[in-house]
Each structure stands twice: as C-alpha cells, then as structure tokens.
Amino acid sequence: MLDQIHWLAAVTVLGVLEQAYFFLQVIYARRLFGISPPKISGPPEFERIFRAQVNSSEYFPIFLALLWQAGLFFHQGLAAVLGLLYLCARYCYFMGYKASSSERLAPIYFSAGVLWILIAVSALGILHFLLSQYVGLNVLKLLT
C-alpha cells in the first residue's frame with residue numbers, strides 16, 4: 001500500500017512546509033512593520049504578505065483533498081506532478097504578491113488551472129471506480 005501513496009505523501013509534506021514558510025513570512029512582516037496580532041492592517045507591503053498567506057491557506061485543504069483523490073483513484077505519479085506544479089505556482093504567487101499585487105495574477109491563474117485538472121482527473125478516477133465496482137463496466141478495457 002505504501003508504494004502506492006509515497007509520492008502523494010512527499011508532496012503533502014512539501015505543501016505543509018510551504019505553508020509553514022508562508023506563516024513565518026507573516027511573522028517576520030509583523031515584526032518588521034510593528035504590527036501586533038490581532039491587527040491585520042498596516043502598510044501595503046504587510047497587507048500583501050498577509051493576504052498572500054491567507055489566500056494560500058484557504059486553498060490548501062482543497063488542494064490536499066484533490067491531490068489525494070487524484071492519486072488514489074487515477075494515478076499517483078500524475079497527481080504528484082500536478083501537486084508539485086501547484087506548489088510551485090503558489091510559491092510564485094506568494095512571492096509575486098509580496099512584491100506587487102499585479103505580480104500575483106499569472107501564478108494564481110496557473111494554480112487555478114492545475115486545481116481544475118486535479119478536479120477532472122479525480123472525477124474521472126472516481127467515476128471509473130464506481131462504474132467498475134458497482135456496474136461492472138470497465139471503461140479502460142472497453143477502450144483497448
């Protein structure tokens with residue numbers, strides 16, 4: 001079983017480490033700009049870092065669920081590669097947003113595209129499983 005999920009687990013750990021890095025960036029920005037919790041407003045430089053971290057955190061559970069569904073029901077390798085692309089795009093988003101609000105746009109669109117692909121492969125994998133398990137219809141055998 002572990003040989004079927006090790007890449008998914010590795011991408012998950014990388015994602016958690018990325019989230020931790022984003023959290024640390026907010027802590028450093030709070031110290032730099034003298035903004036104590038629970039305040040969330042300050043100079044635009046701080047607010048961009050804060051929003052980039054919050055936006056990334058909001059999408060992280062969606063990403064994890066799709067990563068694991070795509071990996072378990074479709075293909076672990078493809079899901080892991082898509083996961084790495086997503087994490088890279090999120091890092092570029094964070095760094096772009098940190099620099100300027102307009103710099104976040106291309107990476108956010110790319111990461112959204114990766115999420116849509118993960119949704120598609122997850123849905124296809126789950127549909128194939130349900131059809132083969134409960135209807136006895138193996139689409140892959142029909143195609144070959």
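All of these numbers come straight from a predicted model, not from anything done at the bench.
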Restricting to non-hydrogen atoms, name the atom on [X] and the atom on [Y] that form the minimum distance, rounded to 0.1 Å.
X: A70; Y: V121; answer: CB-CG2, 3.5 Å
X: F63; Y: G83; answer: CE1-CA, 3.6 Å
X: Q69; Y: S122; answer: CB-OG, 3.7 Å
X: L66; Y: L115; answer: CD1-O, 3.9 Å
X: A99; Y: R48; answer: O-NH2, 3.3 Å

If I take atom [atom1] from residue [X] and atom [atom2] from residue [Y], how far apart are they, to the nearest 0.5 angstrom?
X: L32; Y: Q25; atom1: CG; atom2: CD; value: 10.5 Å
X: Y59; Y: N55; atom1: OH; atom2: CG; value: 7.5 Å
X: M95; Y: S100; atom1: CE; atom2: OG; value: 13.5 Å
X: L130; Y: L137; atom1: CG; atom2: CG; value: 11.5 Å

For atom [atom1] of [X], is the number of surrounding heavy atoms from other residues, nucleotides or ligands below 6.0 Å larger than 12?
X: Y28; atom1: OH; value: no
X: I40; atom1: CD1; value: no
X: F60; atom1: CZ; value: yes

_Using the rule given for side chain to side chain contact (heavy atoms under 4.5 Å, CB included), can you reason through E47 versus S41, listing the C-alpha separation, both sets of side-chain angles and the distance that settles it, and then say yes or no?_
CA-CA 6 Å; E47 290 184 6; S41 61; 3.4 Å; yes
Applying a strict under-4.5 Å side-chain criterion to I, L, V, M, F, W and Y, I'd like to know whether [X] and [Y] cluster together.
X: L85; Y: Y21; answer: no
X: L118; Y: W7; answer: no
X: L24; Y: I49; answer: no
X: I62; Y: L78; answer: yes
X: F74; Y: L82; answer: yes

Identify each donor-acceptor pair in which a side-chain atom of residues 12-19 lies under 3.5 Å from a protein atom, sequence neighbours left out, and give them as a table.
| unit_1 | atom_1 | unit_2 | atom_2 | d |
| --- | --- | --- | --- | --- |
| T12 | OG1 | L8 | O | 2.8 |
| T12 | OG1 | W68 | NE1 | 2.8 |
| Q19 | OE1 | S57 | OG | 3.2 |

Does any part of the side chain of [Y], heavy atoms only, come nearer than 4.5 Å to the side chain of [X], both counted from C-beta?
X: H6; Y: Q76; value: yes
X: Y86; Y: L67; value: no
X: I108; Y: S111; value: yes

*Can you tell me if Q53 uses its side chain to pair, donor with acceptor, with the backbone of F23 under 3.5 Å?*
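Checked: no pair found.
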*H128 side chain to G125 main-chain N or O, any donor-acceptor pair under 3.5 Å?*
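No.
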*Please state whether the rings of F73 and F129 are parallel, tilted or perpendicular, taking 30° and 60° as the class boundaries.*
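The arrangement is perpendicular - the two ring planes meet at more than 60°.
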*Do the rings of F22 and Y91 sit parallel, tilted or perpendicular, given the 30° and 60° boundaries?*
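F22 and Y91: parallel rings.
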*Flag this pair as yes if the NZ/CZ of R90 is under 6.0 angstrom from the six-membered ring centre of Y93 and inside a 45 degree cone about the axis; otherwise no.*
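Yes, R90 and Y93 form such a contact.
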